[in-house]
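As structure tokens, the structure follows; a few thoughts come after it.
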Amino acid sequence: MKNKNGIANIYLVLVFLVLYAPIFYLMYYSFNSGGTMHEFEGFTLDYYREVLADTRLMIIVINTLVIALLSSAIATVIAVIGALAIQHVRSRRAKNTLLSLNNVLIVSPDVIIGASFLILFTIVGIKLGFTSVLLSHVAFSIPIAVIMILPHLQEMSPTLTDAARDLGATRRDVLTKVILPIIKPGIFSGFFMALTYSLDDFAVTFFVTGNGYSTLSVEIYSRARQGVSLSINALSTLIFLFTILLVIGYYYLNQRKSRQPVHIAEPVAEAGVPR
């Protein structure tokens, strides 16, 4: 048993090395004063100053954050409604069909999704830019959020909603005081997953961006095509550190929620008994 655990730990370490070695290599040379990624000549922060002093790049960063936050919020709200609708479907075949349709955007290649959105926006007459990027990000974020929310709905006992109705709760009270508090971890998980996917997306965004509007992923790709510049390393390092902070914050919130006692009977009672 110990040998199996040792092999599993070694394998896990190797996997993490393969995944993180290129990232740390990129971060290491972002401080190179030599301007290349072949030999480290000295420590410098010039490339980080160059990135922070680039007004156009700062506007692109703001665009990326606005798109990510707005699309994640809209997608999460729609995903809650969609997960509730799927959960209330009684036919197993119909429910499986809806789940399969929900997973289409997840398993489909990003290039196909991006090309499809481009054709759709062109036919409908939507100008490529902020609106097209926002709509496409909302569309591919919804299935991700639904998958994170739906298991919490499936774990919830139907007797809770029945008890709330017996106590005189309205449908709105059942939703806001019983269902939403119970599935709150799934809602936050769906939001953060959608936020991560939106920040990282390149293929879909590349198809639906127009002239004068860009996101970080498209901007990094455009700069990389012009040649090797360590400002790309600095920019990628800042993005990576920002993502790490998001993950740590999400983990901290989960740990804090798990330590708090869960009171299920209280929201049910409050839903129907006025004070």
Side-chain angles (χ1 to χ4, degrees), residues 22-23 26-33 35 37 44-78 110-111 113-122 124-142 144-145 191-250:
I23 298 176
L26 179 146
M27 295 173 64
Y28 175 73
Y29 277 100
S30 67
F31 302 101
N32 184 21
S33 60
M37 296 181 65
T44 182
L45 294 175
D46 291 342
Y47 301 106
Y48 289 90
R49 297 190 187 98
E50 179 182 341
V51 168
L52 296 177
D54 192 337
T55 305
R56 178 177 177 273
L57 186 59
M58 292 298 102
I59 294 175
I60 292 175
V61 171
I62 295 174
N63 291 340
T64 304
L65 293 176
V66 169
I67 286 290
L69 293 172
L70 192 57
S71 64
S72 301
I74 296 174
T76 303
V77 173
I78 298 175
D110 290 342
V111 175
I113 297 174
S116 301
F117 280 128
L118 176 61
I119 296 171
L120 175 63
F121 295 146
T122 303
V124 176
I126 297 177
K127 185 179 179 181
L128 298 182
F130 174 82
T131 304
S132 61
V133 175
L134 178 63
L135 291 176
S136 61
H137 280 229
V138 169
F140 70 68
S141 297
I142 290 174
I144 301 166
F191 174 81
F192 280 106
M193 285 295 294
L195 182 67
T196 304
Y197 271 78
S198 179
L199 290 173
D200 293 342
D201 181 74
F202 165 73
V204 177
T205 308
F206 180 77
F207 279 93
V208 297
T209 50
N211 294 329
Y213 189 86
S214 182
T215 60
L216 273 175
S217 57
V218 178
E219 179 67 15
I220 291 174
Y221 173 76
S222 301
R223 294 193 178 199
R225 291 184 61 186
Q226 298 174 2
V228 178
S229 174
L230 295 189
S231 62
I232 300 176
N233 293 39
L235 178 59
S236 302
T237 301
L238 293 175
I239 297 172
F240 177 75
L241 294 177
F242 176 73
T243 306
I244 291 295
L245 288 177
L246 284 179
V247 173
I248 294 174
Y250 172 67

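Because the structure is predicted, anything quoted here is derived from the model rather than measured. If you read the sequence from its start, that first residue is 1, and numbering goes on from there.
With a 6.0 Å radius and a threshold of 12 heavy atoms from other residues, nucleotides or ligands, Y29 has its OH atom above the threshold.
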Under 3.5 Å, which donor-acceptor pairs link side chains of residues 62-75 to any protein atom two or more places apart or in another chain?
unit_1	atom_1	unit_2	atom_2	d
N63	ND2	I59	O	3.4
T64	OG1	I60	O	2.8
T64	OG1	L216	N	2.9
S71	OG	I67	O	2.6
S71	OG	A68	O	3.2
S72	OG	A68	O	2.6
S72	OG	L195	N	3.1

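Here the CG-CD1 distance, from L235 to I220, works out to 4.5 Å after rounding to the nearest 0.5 Å. The line from CZ of F117 to CD1 of I126 is 10.5 Å long, rounded to the nearest 0.5 Å. Atom-to-atom distance recorded for F130:CZ and T215:OG1 is 12.5 Å, nearest 0.5 angstrom. To the nearest 0.5 angstrom, D110 atom CG is 13.5 Å from F206 atom CZ. For the atom pair CD1 of I232 and CG of L26, the computed distance is 9.0 Å after rounding to the nearest 0.5 Å. For the atom pair F191 CZ and T196 OG1, the distance stands at 9.5 Å (nearest 0.5 Å).
Ring-plane geometry between F202 and Y221 is classed as tilted, the angle between the planes lying from 30 to 60 degrees on a 0 to 90 degree scale.
Between M27 and L241 there is a side-chain heavy-atom pair separated by less than 4.5 Å. Taking 4.5 Å as the limit, some side-chain heavy atom of L128 sits within range of a side-chain heavy atom of L118. Contact annotation: the side chain of F31 approaches that of L45 to within less than 4.5 Å [non-hydrogen atoms, C-beta and beyond].
Remark: side-chain polar atoms of T237 are paired, donor with acceptor, to backbone N or O of N233 under 3.5 angstrom. Not one N or O on the side chain of T209 forms a donor-acceptor pair closer than 3.5 Å with the backbone of S214. Side chain of S136 to main chain of V133: a donor-acceptor pair is present (N/O by atom type, distance under 3.5 Å, no hydrogens or angles).
Scanning all heavy atoms of the two residues, the minimum distance from V208 to G114 falls at CG1-O, 4.3 Å.
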> Should F242 and L199 be marked as a side chain to side chain contact (heavy atoms under 4.5 Å, CB included) after you check the CA-CA gap, both sets of side-chain angles, and the distance that decides it?
Replying inline: CA-CA 11 Å; F242 176 73; L199 290 173; 3.9 Å; yes
